[in-house]
Amino acid sequence: MKIGSILEIRHLTKKFGKKTAVDDLNFNLIKGETVGLLGPNGAGKSTLIKCIVGLLRPTGGDILIAGKPRGSRQARKISAYVPEVPQLYNMLTVWEHLRFITDAYEVARWEAKAEQLLRLFEIWEQRDEFVKALSKGMRQKLSLCCGIISDARILFLDEPMVGLDPKAIKNLKDLIRELKDEGRTLFVSTHLLDPIENICSRIIVLKKGKTIADGSLAELRSRLGEEKASLEEVFLEVTADA
Ligand SMILES: Nc1ncnc2c1ncn2[C@@H]1O[C@H](COP(=O)(O)OP(=O)(O)OP(=O)(O)O)[C@@H](O)[C@H]1O
């Protein structure tokens, strides 16, 4: 494990039959980084994240989280994952979900954290409602609360802004900054470029399962010779002919 790394990916490949979704990826995440994972539809972002958090078995390669193999108890204990599609239990209430998650992760003083998060995302009033009664956006908010409430050192957020209203997107951005200030590492897959432009210290762009760009926004801009380019312009340029 490289010094300062919290995640190490070596020669990671994931195939579905003949389709190669992730193709010999190699990169490290350094503790405290906030990294945006971008790429066109089908680039392999969700597959990569699912391999890292132990939901998919890689076809080849190694993944270490804080030096421990992916899927191991130690790796899971320091990781949190917010899936692309919320995985919630219809017959539990909002509050029961948070109790369940915090029990599993042994989170101290969970009630105060749960209240703070539910109020931030404006679903405090729904705390005693069953998940089946929530709107799509409210489910996404609860899924985020479940992912963020633990004290995980590294958080994997797959399309966390989908379905959120503008105020919730702003609150999530502020929260990501707070988590970053606490020294946590964040790996955020998204298609929404504006919200992450100012919060990610590093951008990784995937296409057809391969890394086609990896660096700070300033580095990617200078690579293109476009010092003032927006993240959207950089993204369109690097994905155009790669
Ligand atoms: N369970 C599966 N079985 C077969 N092929 C799959 C499966 N999951 C993903 N794929 C394929 O793997 C490739 C990568 O998919 P993935 O969902 O990781 O992309 P993505 O970058 O997250 O896309 P999007 O931005 O559309 O969510 C795609 O070609 C997809 O069709």
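All ligand and atom numbering here is 1-based and tracks the order in the structure.
Annotation: Glu159 places no N or O atom under 3.5 Å from an N or O atom of ligand 1; distance criterion only. For ligand 1, none of its N or O atoms has an N or O atom of Phe16 under 3.5 Å away. Not one N or O of Ala21 is nearer than 3.5 Å to an N or O of ligand 1, by distance alone.
Here the side chains of Leu175 and Leu117 are in contact, with some heavy-atom distance below 4.5 Å. Here the side chains of Arg177 and Ile199 are in contact, with some heavy-atom distance below 4.5 Å. Contact of the Leu25 side chain with the Leu206 side chain is registered, since non-hydrogen atoms from C-beta on lie closer than 4.5 Å.
Leu48 and Val162 are assigned to two separate hydrophobic clusters, defined by single-linkage of ILVMFWY side chains at heavy-atom distances under 4.5 Å.
Within the 4.0 Å heavy-atom cutoff, Lys50 does not count among the residues contacting ligand 1. Residue contact check for ligand 1: Gly39 places no non-hydrogen atom closer than 4.0 Å to it. Close to ligand 1: Glu84, with a non-hydrogen atom less than 4.0 angstrom away.
Put simply, atom 30 (C) of ligand 1 has no protein non-hydrogen atoms near it, under 4.0 Å away. For atom 20 (P) of ligand 1, the nearest protein heavy atom lies closer than 4.0 Å.
Residue, atom and distance of the protein heavy atom nearest to atom 18 (O) of ligand 1 are Thr47 OG1, 2.5 Å. Among protein heavy atoms, the minimum distance from atom 17 (O) of ligand 1 is reached at Ser46 CB, 3.9 Å. Summary of contacts: the protein heavy atom closest to atom 14 (C) of ligand 1 is Gly42 O, 3.4 Å.
A salt bridge does not link Asp24 to Lys210: none of the charged nitrogens lies less than 4.0 Å from a carboxylate oxygen. Note on Lys170 versus Asp174: salt bridge recorded, some NZ/NE/NH1/NH2 to OD/OE distance being below 4.0 Å. Between Lys173 and Asp194, none of the side-chain N atoms (NZ, or NE/NH1/NH2) sits under 4.0 Å from a carboxylate O, so this pair counts as no salt bridge.
Not one N or O on the side chain of Glu129 forms a donor-acceptor pair closer than 3.5 Å with the backbone of Gln126.
Every atom of ligand 1 with a heavy atom of Ala43 under 4.0 Å away is listed here by number and element: 19 (O), 20 (P), 21 (O). Interface atoms of ligand 1 facing Asn41, defined by a heavy-atom separation under 4.0 Å, are 23 (O), 24 (P), 25 (O), 26 (O). The contact set between ligand 1 and Lys19, taken as ligand atoms under 4.0 Å from a residue heavy atom, comprises 29 (O).
Classification of the Phe156-Phe187 ring pair by plane angle, with boundaries at 30° and 60°, yields perpendicular.
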